Peer 1: 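Have a look at this one.
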Amino acid sequence: MNIHIPTPLRTYTAGAETVTVPGTTVAEVFTNLTSQYPDLKQQLFSNEGKLRSFVNVYLNDEDLRYLPEKEATSVAAADELTIIPSIAGGTDRPGKGASRKNSSSRNTPCCSCCPLL
Amino acid sequence: MLHIDYANYESLRAHGEETYPHECCGVLLGKSNADGNHVQQIVRAGNTRTDSAHNRYNIAPQELVKIQRQARGLGLDIVGFYHSHPDHPAQWSPTDFAEAHWIGCSYVITAVEEGKAAITNSFLLSGTSEEDKKFEDQPIEIEVAEQVSQQKGQA
Ligand SMILES: [Zn+2]
């Protein structure tokens, strides 16, 4: 089956965006992928062998985490696997009205790491 | 260096004004080479953090899968991302850093002050892994369509 590799991990697939790997389950495909491209292993998996939390894997349009059989899900040659690290962030700034310029009564901190705490 | 044409640059800044006081976010498609990341197209994304949209952004992975597919169809790659900081400086935050995982990509941040786009900065996520990644200041080169205007001038 074809696996689509995100830009940062193409360093480990010799620049390839799409790699073709055999396997009948997602787990098998991952095993074959990381034996074909050994350096991918520590990028994708923790030392305990679990998929890193920020690495999303989609089987066609389904999130692997929400598939009932997860890694044991069987795959066909025509299926596609997409590896996609997450995109998120934040400023830890509190809501409008609480910025330093006009901070008055509404400086409710948003979280424990908020600089206003 | 981040290379971006003026129209796309203005468009990503305008996105931050439109979503103010919430954070906007989007994806930069293009090509990267030794000279840096070259943006050829930007894709606006929805911020899924409706619970805390003024200080958080998140692009749904499902949407990213679609955007990556779109890039592939265009022969382009995801070379970076952008988001806005409503009433907050155009500098990455500890959360931005902790949640940045696309090594080699540009993270563009626009400060939006009282609804107006102010400074836009780019940061390159460099390193080789989660353990040694870091943000580096990345100069932005805004490409004005000089050749087009020259051609017009000669016509
Ligand atoms: Zn941010």
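None of these values were measured; they are calculated from a predicted model. As a basis for the values below, the full set of heavy atoms in this structure was taken, side chains included, without hydrogen atoms, waters or symmetry mates.
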Peer 1: What part of B/Tyr107 is in contact with chain A, defined as an atom under 4.5 angstrom from a non-hydrogen atom: side chain, backbone, both or neither?
Peer 2: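 The side chain, not the backbone.
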Peer 1: Do you know which of B/His83, B/His85, B/Gln68, B/Gln91 has the most heavy-atom pairs under 4.5 Å to chain A?
Peer 2: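 Answer, by heavy-atom pair count under 4.5 Å with chain A: B/Gln68.
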Peer 1: In terms of heavy-atom proximity below 4.5 Å to chain A, should B/Pro89 be classed as side chain, backbone, both, or neither?
Peer 2: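 When you check distances to chain A, no heavy atom of B/Pro89 falls under 4.5 Å.
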Peer 1: Would you mind telling me which of A/Glu80, A/Gln42, A/Arg10 has the largest number of heavy-atom pairs within less than 4.5 Å of chain B?
Peer 2: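 Heavy-atom pair counts peak at A/Arg10.
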Peer 1: What distance do B/Asp77 atom CG and A/Ile5 atom CD1 have between them, rounded to the nearest 0.5 Å?
Peer 2: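 Going from the CG atom of B/Asp77 to the CD1 atom of A/Ile5 covers 12.5 Å.
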Peer 1: With chain A, which of B/Val79, B/Leu125, B/Ile109, B/Leu64 has the greatest number of heavy-atom pairs at distances under 4.5 Å?
Peer 2: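 Maximum pair count with chain A is reached by B/Leu64.
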Peer 1: Just verifying a value: how many Å separate A/Thr91 OG1 and B/Asp96 CG, rounded to the nearest 0.5 Å?
Peer 2: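 It comes to 7.5 Å.
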Peer 1: Same hydrophobic cluster for B/Leu76 and B/Leu28, using side-chain heavy-atom links shorter than 4.5 Å among ILVMFWY?
Peer 2: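 Unlinked, B/Leu76 and B/Leu28 end up in two clusters.
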Peer 1: Verify the cluster assignment for B/Val65 and B/Leu74: are they in a single hydrophobic cluster under the rule of side-chain heavy atoms below 4.5 Å apart?
Peer 2: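 Result: yes, single cluster for both.
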Peer 1: Pick from B/Arg72, B/Arg49, B/Glu130: which one has the most heavy-atom pairs with chain A under 4.5 Å?
Peer 2: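 Answer, by heavy-atom pair count under 4.5 Å with chain A: B/Arg72.
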Peer 1: Give, as side chain, backbone, both or neither, the part of A/Thr82 having an atom under 4.5 angstrom from any heavy atom of chain B.
Peer 2: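 Only the side chain of A/Thr82 comes within 4.5 Å of chain B.
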Peer 1: Give the minimum heavy-atom separation between B/His101 and A/Pro85, together with the two atoms involved.
Peer 2: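 Answer, listing the atom of B/His101 first, then A/Pro85: CB-CB, 4.1 Å.
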Peer 1: May I ask you to check whether over 12 heavy atoms, not counting those of B/Lys31, lie within 6.0 Å of atom NZ?
Peer 2: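 Atom NZ in B/Lys31 is crowded, with more than 12 foreign heavy atoms closer than 6.0 Å.
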Peer 1: Ignoring hydrogens, what is the shortest heavy-atom contact between A/Thr7 and B/Ile78? Give both atom names and the distance.
Peer 2: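 Heavy atoms of A/Thr7 and B/Ile78 come nearest at OG1-O, 2.7 Å.
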Peer 1: As an exercise, state the distance from CD1 of B/Ile59 to OG of A/Ser86, rounded to the nearest 0.5 Å.
Peer 2: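 Between atom CD1 of B/Ile59 and atom OG of A/Ser86 there are 10.0 Å.
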Peer 1: Does a sphere of radius 6.0 Å around NZ in B/Lys133 hold more than 12 heavy atoms from other residues, nucleotides or ligands, not counting ones at 6.0 Å or beyond?
Peer 2: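 Yes - once you tally the heavy atoms of other residues, nucleotides and ligands closer than 6.0 Å, there are more than 12.
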Peer 1: Where does B/Glu63 contact chain A at under 4.5 Å (heavy atoms): side chain, backbone, both or neither?
Peer 2: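 For B/Glu63, neither part sits under 4.5 Å from chain A.
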Peer 1: Where on B/Tyr57 is there a heavy atom nearer than 4.5 Å to chain A: the side chain, the backbone, both, or neither?
Peer 2: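 For B/Tyr57, heavy atoms of backbone and side chain both lie under 4.5 Å from chain A.
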Peer 1: Between the side chain of B/Trp102 and the main-chain N/O of A/Pro8, is any donor-acceptor distance below 3.5 Å?
Peer 2: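 The answer is no, because no donor-acceptor pair under 3.5 Å joins these two groups.
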Peer 1: Are the charged groups of B/Arg69 and A/Glu17 less than 4.0 angstrom apart, N to O?
Peer 2: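 A salt bridge is absent here (no side-chain N lies under 4.0 Å from a carboxylate O).
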Peer 1: Check the hydrophobic clustering (I, L, V, M, F, W, Y; side-chain heavy atoms under 4.5 Å; chains of links allowed) and say if A/Leu59 and A/Leu40 are grouped together.
Peer 2: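 Shared cluster, yes.
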Peer 1: Report whether A/Phe54 and B/Ile67 are members of the same hydrophobic cluster (ILVMFWY, side-chain heavy atoms less than 4.5 Å apart, transitive linking).
Peer 2: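 No, no single cluster joins them.
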Peer 1: Relative to chain A, which of B/Pro86, B/Cys105, B/Ser32, B/Ala100 shows the most heavy atom pairs under 4.5 Å?
Peer 2: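 Looking at each of B/Pro86, B/Cys105, B/Ser32, B/Ala100 in turn, B/Pro86 comes out on top.
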Peer 1: Mind listing the closest non-hydrogen atom pair of B/Arg56 and A/Gly90 along with its distance?
Peer 2: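 Looks like NH1-CA, 3.7 Å.
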Peer 1: Give a yes or no on this: more than 12 heavy atoms of other residues, nucleotides or ligands lie within 6.0 Å of atom CD1 of B/Ile119.
Peer 2: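 Incorrect, the count does not exceed 12.
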Peer 1: Taking all non-hydrogen atoms of both residues into account, name the closest pair between B/Gln62 and A/Tyr58 and its distance.
Peer 2: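 Minimum heavy-atom contact is N-OH, 3.3 Å.
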Peer 1: Which bit of A/Asp39 is near chain B, if near means a heavy-atom gap under 4.5 Å: side chain, backbone, both or neither?
Peer 2: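 For A/Asp39, neither part sits under 4.5 Å from chain B.
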Peer 1: Check each atom of A/Leu9 against the heavy atoms of chain B and say whether the ones under 4.5 Å are side chain, backbone, both or neither.
Peer 2: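 For A/Leu9, there is no contact with chain B at all, as no heavy atom is under 4.5 Å.
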Peer 1: Sub-3.5 Å donor-acceptor pair from the side chain of A/Gln43 to the main-chain atoms of B/Thr128, do we have one?
Peer 2: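 Side chain of A/Gln43 to backbone of B/Thr128: a pair is present.
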Peer 1: Among A/Asp61, A/Thr18, A/Asp63, A/Thr11, which residue forms the greatest number of heavy-atom pairs with chain B at distances under 4.5 Å?
Peer 2: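 Highest number of pairs under 4.5 Å: A/Asp61.
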Peer 1: Does CG belonging to A/Asn47 count more than 12 external heavy atoms closer than 6.0 Å?
Peer 2: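 No.
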Peer 1: With clusters defined by side-chain heavy atoms of hydrophobic residues (ILVMFWY) lying less than 4.5 Å apart, directly or transitively, does A/Phe30 cluster with A/Val21?
Peer 2: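 Same hydrophobic cluster.
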